[in-house]
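Take a look at the structure set out below.
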Amino acid sequence: ALGQATADGGGAYSFTPATTLEDGTYSISATATDGAGNTGAASTALTLMVDTVVPGAPVLSVTTPTNDSTPEMGGTAEAGATVTIYSGGTQLGQTTVTGGGVISFEPTTVMSDGSYTLTATATDGAGNTSPASGAVSLVVDTVSPGVPTVVVSSPTSDNTPTFSGVAEAGSTVELSAGGQSLGQATVDTGGLYSFVSGALSEGGHVITATATDVAGNTSGASGSLSLVVDQTAPEITLTGGEVTVAHAGTYTDPGATAQD
């Protein structure tokens with residue numbers, strides 16, 4: 001027996017064991033004995049689980065920087081626990097951990113552009129709450145970079161010309177000819193890029209460029225740039241009659257000079 005309690009005038013009772021129950025599962029039943037000493041049948045057994053063990057701190061993960069203002073957050077925690085996610089000291093929301101221990105959470109409130117420090121706690125079914133997870137940094141950036149510039153020498157006899165220009169530092173510039181991608185270049189910390197294309201066919205090409213920042217935002221296309229690749233040598237055509245030039249003499253005709 002765990003102990004006894006006296007029912008009040010309304011038939012209700014309350015009982016707290018005097019001895020601490022260890023963690024584990026118990027089958028609890030009760031009997032009632034009236035003032036005359038008559039004892040009733042035992043109640044239906046009730047299962048009680050005592051769990052005083054605090055779950056481990058969750059591990060939180062998120063893709064950053066991101067252009068998603070309601071970014072998905074993931075990680076791991078005790079299966080079945082309720083994970084509460086915070087930005088600084090502000091609660092973003094809660095999610096239930098899957099049976100496999102996986103966290104999946106997406107805020108219902110839009111997060112404005114900026115930097116955030118995220119943490120999480122896990123609370124198990126018994127009400128034990130873990131320590132906070134390690135802090136995870138998140139940057140939300142939904143602003144598209146500026147339109148890049150493109151420079152190339154034209155006309156040129158080089159069918160693998162070098163393109164250069166200016167764009168947002170750290171972004172990726174993609175160059176296209178007539179809508180077909182030529183390739184990509186990463187912009188340096190000074191905002192400059194350089195790109196050598198693959199072999200281009202001889203003739204005219206319309207070049208444009210876009211810049212995509214590390215958060216995934218893509219700029220508008222640059223203005224169209226005309227590039228002419230010309231690898232055909234010029235032809236020389238001579239017209240007119242023969243001219244005899246005296247020894248050590250010269251002959252000059254508009255546009256031509258002969259000398260012996």
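When a residue number appears, it is its place in the shown sequence, counting from 1. Reckoned from all heavy atoms, side chains included, excluding hydrogens, waters and symmetry mates.
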Evaluate side chain to side chain contact (heavy atoms under 4.5 Å, CB included) for Ser104 paired with Thr98, printing each intermediate quantity in order.
-> CA-CA 9 Å; Ser104 180; Thr98 68; over 6 Å; no
Are any side-chain N or O atoms of Asp141 and backbone N or O atoms of Gly114, one a donor and one an acceptor, separated by less than 3.5 Å?
-> no
Does some side-chain heavy atom of Asn217 sit less than 4.5 Å from a side-chain heavy atom of Pro145?
-> yes
Do the side-chain N and O atoms of Asn67 and Thr142 include a donor-acceptor pair separated by under 3.5 angstrom?
-> no
Is the closest side-chain heavy-atom distance between Thr6 and Tyr13 below 4.5 Å?
-> no
Interatomic distance, CZ@Phe195 vs CG@Leu175, rounded to 0.5 Å, equals 6.0 Å
Give a yes or no on whether Phe15 atom CZ has more than 12 heavy-atom contacts from other residues, nucleotides or ligands under 6.0 Å away.
-> yes
Gln91 atom CD, over 12 foreign heavy atoms within 6.0 Å | yes
What pair of heavy atoms forms the shortest contact from Val139 to Thr64, and how long is it?
-> N-OG1, 2.8 Å
Cluster link Val136 to Val97, ILVMFWY, side chain under 4.5 Å | yes
Which distance, rounded to the nearest 0.5 Å, do you find between the OH of Tyr193 and the CG of Asp188?
-> 12.0 Å
Quick one: closest heavy-atom pair of Ser130 and Val54, and the distance?
-> CA-CG1, 3.4 Å
Is there a donor-acceptor pair under 3.5 Å between the side chain of Gln184 and the backbone N or O of Val173?
-> no
Test item: Thr186 side-chain N/O and Thr172 main-chain N/O as donor-acceptor pair under 3.5 Å = no
Non-hydrogen side-chain atoms of Leu48 and Thr25 separated by less than 4.5 Å | no
Tell me, with the steps shown, if Val187 and Glu168 meet side chain to side chain contact (heavy atoms under 4.5 Å, CB included).
-> CA-CA 7 Å; Val187 184; Glu168 181 178 301; over 6 Å; no
In terms of hydrophobic clustering (I, L, V, M, F, W, Y; side-chain heavy atoms under 4.5 Å; direct or indirect links), are Val166 and Val147 co-clustered?
-> no
Quick check: does any side chain N or O of Thr212 sit under 3.5 Å from a backbone N or O of Gly216, one acting as donor and the other as acceptor?
-> no
From CG (Leu118) to CG (Leu92), nearest 0.5 Å = 6.5 Å
Got more than 12 heavy atoms from elsewhere within 6.0 Å of CD, Gln4?
-> no
Check the side chains of Glu174 and Ser181 for a donor-acceptor pair under 3.5 angstrom, ignoring hydrogens and angles.
-> yes
CD1 (Ile207) and OG (Ser197) are apart, to the nearest 0.5 Å, by 7.5 Å
Side chain to side chain, Tyr116 and Met111, heavy atoms closer than 4.5 Å = yes
Heavy-atom side-chain proximity of Val196 to Phe163 below 4.5 angstrom | no
Closest non-hydrogen atom pair between Leu227 and Ser154, with its separation | CA-OG, 3.4 Å
Say whether Val152 and Leu200 are linked into one hydrophobic cluster, either directly or through other cluster members, by side-chain heavy-atom distances under 4.5 angstrom.
-> yes
Determine, step by step, whether Thr82 and Thr95 satisfy the side chain to side chain contact (heavy atoms under 4.5 Å, CB included) criterion, reporting the C-alpha distance in whole Å, the side-chain angles of both residues, the deciding distance to 0.1 Å, and the verdict.
-> CA-CA 6 Å; Thr82 298; Thr95 186; over 6 Å; no
Would you check, one step at a time, whether the test side chain to side chain contact (heavy atoms under 4.5 Å, CB included) holds for Leu225 with Val206?
-> CA-CA 6 Å; Leu225 178 69; Val206 177; over 6 Å; no
Determine yes or no for a side-chain-to-main-chain donor-acceptor pair under 3.5 angstrom, with Glu202 supplying the side chain and Asp230 the backbone.
-> no
Ile103 side, atom CD1; Met73 side, atom CE - distance, nearest 0.5 Å = 11.5 Å
Quick one: does Asp213's side chain have a donor or acceptor within less than 3.5 Å of a partner on Ser171's backbone?
-> no
For a side chain to side chain contact (heavy atoms under 4.5 Å, CB included) with Pro65, tell me which candidate from Leu138, Val214, Val140 qualifies.
-> Val214
Nearest non-hydrogen partners of Thr39 and Thr33, listed with the distance | OG1-OG1, 2.8 Å
Do any N or O atoms from the side chain of Asn128 and from the backbone of Asp51 form a donor-acceptor pair under 3.5 angstrom?
-> yes
For residues Ser222 and Thr208, is any side-chain donor paired with an opposing acceptor at under 3.5 Å?
-> no
Flag side-chain contact, heavy atom, 4.5 Å: Ser219 against Pro148 | yes
Kindly say whether Pro71 contributes a backbone atom to a donor-acceptor pair with the side chain of Glu106 at under 3.5 angstrom?
-> no
Rounded to the nearest 0.5 Å, the CG atom of Leu21 sits from the CG atom of Leu2 at a distance of 6.0 Å
Kindly indicate, with the supporting measurements, whether the criterion side-chain hydrogen bond (donor to acceptor under 3.5 Å, both in side chains) is fulfilled by Thr84 and Gln94.
-> CA-CA 4 Å; Thr84 305; Gln94 295 180 322; 2.9 Å; yes
If you look at every heavy atom in Ala45 and Ser27, which pair is closest and at what distance?
-> CB-OG, 3.4 Å
Taking all non-hydrogen atoms of both residues, which atom of Thr156 and which atom of Asp158 are closest, and how far apart?
-> OG1-N, 3.0 Å
